Amino acid sequence: FSNAVGVYLETLVGHQSLVEEKLAKIWAEVLGVDRVGIHDRFLELGGNSLMATMVVSRVLALFQVQVKIRLLLMDAPTVAEMAKRIVESL
């Protein structure tokens, strides 16, 4: 299906953990899309540095884990990768 910015999403892969589910919800809210698969890439969904700041802030509030914007934009740009880093930090 397509999201609000017209990017075609590959087959949507469901959440495999509660952290992935909550993280995907944060991404969807910030990006203004209905759903986010665990392998969708933040920037390809229309994300930018301002939106990344919003995600990082919400991650801190929800998980009490501080992540850097670089993590989201470059090092762990998918829900699956970011969730793994969050779990490792808990």
Side-chain angles (χ1 to χ4, degrees):
F1 70 92
S2 336
N3 66 13
V5 292
V7 176
Y8 180 77
L9 302 178
E10 295 185 27
T11 304
L12 187 69
V13 177
H15 316 119
Q16 298 175 353
S17 72
L18 186 58
V19 173
E20 286 180 353
E21 181 180 340
K22 290 181 181 264
L23 193 54
K25 183 177 180 190
I26 290 171
W27 281 33
E29 290 171 357
V30 169
L31 293 166
V33 297
D34 292 330
R35 295 171 34 180
V36 175
I38 64 170
H39 298 301
D40 290 333
R41 299 174 75 80
F42 185 76
L43 292 176
E44 290 174 5
L45 292 174
N48 57 42
S49 60
L50 178 59
M51 291 175 173
T53 302
M54 294 167 63
V55 169
V56 166
S57 175
R58 292 181 188 197
V59 165
L60 177 59
L62 182 61
F63 298 108
Q64 286 79 50
V65 172
Q66 189 161 8
V67 296
K68 297 186 181 209
I69 293 172
R70 175 186 169 89
L71 179 74
L72 180 56
L73 297 178
M74 300 176 75
D75 299 334
T78 68
V79 167
E81 293 167 334
M82 190 174 194
K84 181 181 177 204
R85 302 283 182 97
I86 289 169
V87 169
E88 289 170 354
S89 298
L90 293 175

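Count residues from 1 along the sequence. Just so we're clear, the structure is a prediction, and the values are computed from it rather than from any experiment. Below, each value reflects all heavy atoms present in this structure, side chains not excepted, and no hydrogens, waters or symmetry copies.
Note: W27 CH2 to R41 CZ = 9.0 Å, rounded to the nearest 0.5 Å. For the atom pair CG (L31) and CG (L45), the distance works out to 5.5 Å, reported to the nearest 0.5 Å. Within the model, atoms CG of L72 and CE of M82 stand 5.0 Å from one another, a figure rounded to the nearest 0.5 Å. Atom NZ of K25 is separated from atom CZ of R35 by 14.5 Å, given to the nearest 0.5 angstrom. How far CD1 of I86 is from NZ of K22: 12.0 Å, rounded to the nearest 0.5 Å.
Hydrophobic clustering, with ILVMFWY side chains joined whenever heavy atoms are under 4.5 angstrom apart, keeps V65 apart from L60.
Between V79 and E20, the shortest heavy-atom distance links the atoms CG1-O, 3.6 Å. G46 and M51 get closest at one heavy-atom pair: O-SD, 3.7 Å. Nearest heavy-atom pair across L43 and L73 is CD2-CD2, 3.6 Å. Annotation for I69 and A52: closest pair CG2-CB, 3.7 Å, computed over non-hydrogen atoms.
Among residue pairs with one or both ends in residues 64-75, those qualifying as side-chain hydrogen bond (donor to acceptor under 3.5 Å, both in side chains) are R70-D75; sequence neighbours excluded.
S89 contributes a side-chain N or O that, together with a main-chain N or O of R85, makes up a donor-acceptor pair within less than 3.5 Å.
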